[in-house]
Amino acid sequence: MRGYIDQVSADRTRVAGWVAAADPIDPPRVLALLRGTPVGTVAFGPERVDVRTATGLGNVRFVVSLDEPLDPLALLSGRFRVVSAGADQVELGLSAGGRADERAFLLDEVRAVGVTVPCPPDTPLPDEPTSLPQLDPPATPDELSFLPFAAGMTSPDGSAVLGHDGHLFLVGGSNALAAQYAEPASDAARESTARAVAGWNDLVRARERRARSAGCRFAQVVVPEKATVLRSLLDREEAAPTRLLRHLEAALGGVESFMSARTVFDGWAGPEAPYSRLDSHCSPSGSLALARAMLDRLGLEDAVGDVPMSRRSLYVGDLSERFFGRGLSDVRLEPSSAVLARAEAELVLVETVNPGPGRHIGTKHVWRNPSSLYGERVVVFGNSFFGAGRTTPAKLSWWFARLFREFHFIWSPEVDDDYMASVSPDVVIAQTVERFLPTVPAR
């Protein structure tokens, strides 16, 4: 039995995921167990198109309804499990994305009350290495030291792999990224790919028409995966990009508003790699390159000029915890520029909306900047590649807040026409990332 748990409701009384099913009318029976005792009720829903597109598997969505809110420690430790109803009790694991969300939720809860929450001795984390000592993080880059590991080492949950030159790569998780590089193995998978391409084709053209009718310039940006851009550091037989991005580039290559950012990194010659070593996201140099490419696509001349990446700083990579159960620090280069210093002199964050612990969609940040390099008002509907961007130039929001007179970032896969109308922006950007392409947003 194959499947994952990948969602927990805001009130933590519903746990959802998917399970492979040859016949959605007769899905496999599953049980929810807490400390080995059946709990809650399980209901099945329709097939998840994103799973079918990514894996080629027939599947059904399941939802476990609980009488009491679920403690994140119960899910992370394995005290709460979803298993097959047979004697073998095959477990549906927690996806990498779900695990990251649960850890973030737990950390937020701990910070909120200001206490430490011990893990009871009878609830070990069986798939988490425990050999790393709990040392304080380094205070400066000079305090770091390195140990060699063999390229190809895989994280305990199978979602990430160590490539060459110390780079960690996302390859699995709820989006089944590695499978997206392979050609469809069945007619159903081929049809699913064709539907997704057609859906994106229609969506991008519709978004462009709506933006133009509102008097806005529009760009649909697809950020490539680290596993696509740095493919030479990852020992994989399948060629890059993913099959969906390849088909989309062919279908939308003539559409002015469509921008596959994969070409931004062709022949890369930056001061460091365009993606951070321990992270699935761009380095500051990579984010600057993306920002410049978007300026060019929008018809804006480059006013940024030369930006030396000369300041060494520490960051904690989002992939390292998947290997060692704790975040590890690394060094990356950040910008040092008199132009940028002037551009942030009057920068003010004027509005913030936080959807709650462990949640991202619905996040909103609005900056105003009389000292910006450009006079446009810009709205971006995007994801973690823009992110909060308040402190790190590895996020595109950091750059956009300094580039534009007014910048709105909304963490959403969809374009909100009502919000667009209320703000009257000069520019609207819809940004996604390659691994999310199997799921076509509604608007």
Side-chain angles (χ1 to χ4, degrees), residues 72-73 75-77 94-112 114-119 124-149 153-163 165-174 177 225-227 230 272-273 275-284 286-287 312-334 357-360 363 383-395 397-398 433:
L73 272 177
L75 193 52
L76 289 169
S77 68
L94 180 62
S95 71
R99 184 177 295 277
D101 287 344
E102 289 300 288
R103 285 174 176 154
F105 180 87
L106 179 61
L107 183 59
D108 286 339
E109 292 292 294
V110 170
R111 286 170 174 164
V115 299
T116 57
V117 179
C119 184
L125 304 182
D127 60 347
E128 296 291 344
T130 57
S131 58
L132 283 182
Q134 296 299 308
L135 301 176
D136 292 332
T140 68
D142 293 333
E143 293 180 16
L144 285 180
S145 187
F146 296 91
L147 286 172
F149 290 93
M153 182 177 71
T154 302
S155 64
D157 65 359
S159 67
V161 67
L162 174 63
D165 196 28
H167 276 276
L168 303 182
F169 291 87
L170 183 68
V171 295
S174 59
L177 180 57
E225 291 297 328
K226 181 179 182 179
L230 301 182
E272 62 180 348
Y275 288 74
S276 295
R277 184 179 281 111
L278 305 183
D279 206 279
S280 60
H281 298 85
C282 288
S283 63
S287 286
R312 298 170 73 226
S313 69
L314 290 168
Y315 74 99
V316 177
D318 67 349
L319 294 177
S320 60
E321 189 173 353
R322 303 185 186 217
F323 284 82
F324 305 111
R326 56 173 296 189
L328 300 182
S329 299
D330 191 20
V331 180
R332 63 185 171 200
L333 299 177
E334 296 194 349
R359 302 176 69 85
H360 301 297
T363 298
N383 55 36
S384 57
F385 277 81
F386 271 87
R390 285 179 285 181
T391 59
T392 172
K395 299 294 186 180
S397 284
W398 189 94
V433 64

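For the numbers below, each heavy atom of this structure counts, side chains included, while hydrogens, waters and symmetry mates do not. This chain uses plain numbering: 1 for the first residue, then up along the sequence.
For the pair Ser155 (side chain) and Phe323 (backbone), a donor-acceptor distance under 3.5 Å is absent. A donor-acceptor pair under 3.5 Å links the side-chain atoms of Lys395 to the main chain of Ser384, judged by distance alone. Of the possible polar contacts, one joining the Asp318 side chain to the Ser280 backbone as a donor-acceptor pair under 3.5 Å is found.
In the model, Asp142 has no side-chain atom that pairs as donor or acceptor with a side-chain atom of Thr140 under 3.5 Å.
Of all non-hydrogen atoms in Tyr275 and Lys226, the two that sit nearest each other are CD2-CB, 3.5 Å. Nearest heavy-atom pair across Leu319 and Asp279 is CD1-C, 3.9 Å. Closest non-hydrogen pair, Ala227 versus Leu170, comes out as CB-O, 4.3 Å. Of all non-hydrogen atoms in Ala394 and Ser287, the two that sit nearest each other are O-OG, 2.5 Å. Heavy atoms only, all atoms of each residue included: Ser159 and Gly173 are closest at CB-N, 3.8 Å. Of all the heavy atoms in Phe149 and Leu162, the pair that sits closest is CB-CD2, 3.5 Å.
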Practice prompt. Report the C-alpha distance between Leu314 and Leu144 in whole Å, list the side-chain angles of each, state the deciding distance to 0.1 Å, and finish with yes or no for side chain to side chain contact (heavy atoms under 4.5 Å, CB included).
Written response: CA-CA 9 Å; Leu314 290 168; Leu144 285 180; 3.6 Å; yes
Practice prompt. Using the side chain to side chain contact (heavy atoms under 4.5 Å, CB included) rule, take Tyr315 and Arg277 through it: C-alpha gap first, then chi angles, then the decisive distance, then the call.
Written response: CA-CA 10 Å; Tyr315 74 99; Arg277 184 179 281 111; 3.8 Å; yes
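For Ser329, the side-chain hydrogen bond (donor to acceptor under 3.5 Å, both in side chains) criterion is met by no residue, not counting sequence neighbours. For Ser283, the side chain to side chain contact (heavy atoms under 4.5 Å, CB included) partners at least two apart in sequence or on another chain are Glu272, Ser276, Ser285. Among residues two or more places apart in sequence or in another chain, the side-chain hydrogen bond (donor to acceptor under 3.5 Å, both in side chains) test is passed with Asn383 by Gln431.
In this pair, His281 and Phe385 present their aromatic rings tilted. The plane angle is within the 30 to 60° band.
Looking at heavy atoms from C-beta onward, Phe146 lies in side-chain contact with Asp330 at the 4.5 angstrom threshold. Taking the side chain as every heavy atom from C-beta outward, Arg332 and Ser313 approach each other to under 4.5 Å.
Going from atom CG of Leu278 over to atom CG of Leu328 covers 6.5 Å, rounded to the nearest 0.5 Å. Between Phe169 atom CZ and Leu230 atom CG the span is 5.0 Å, to the nearest 0.5 Å.
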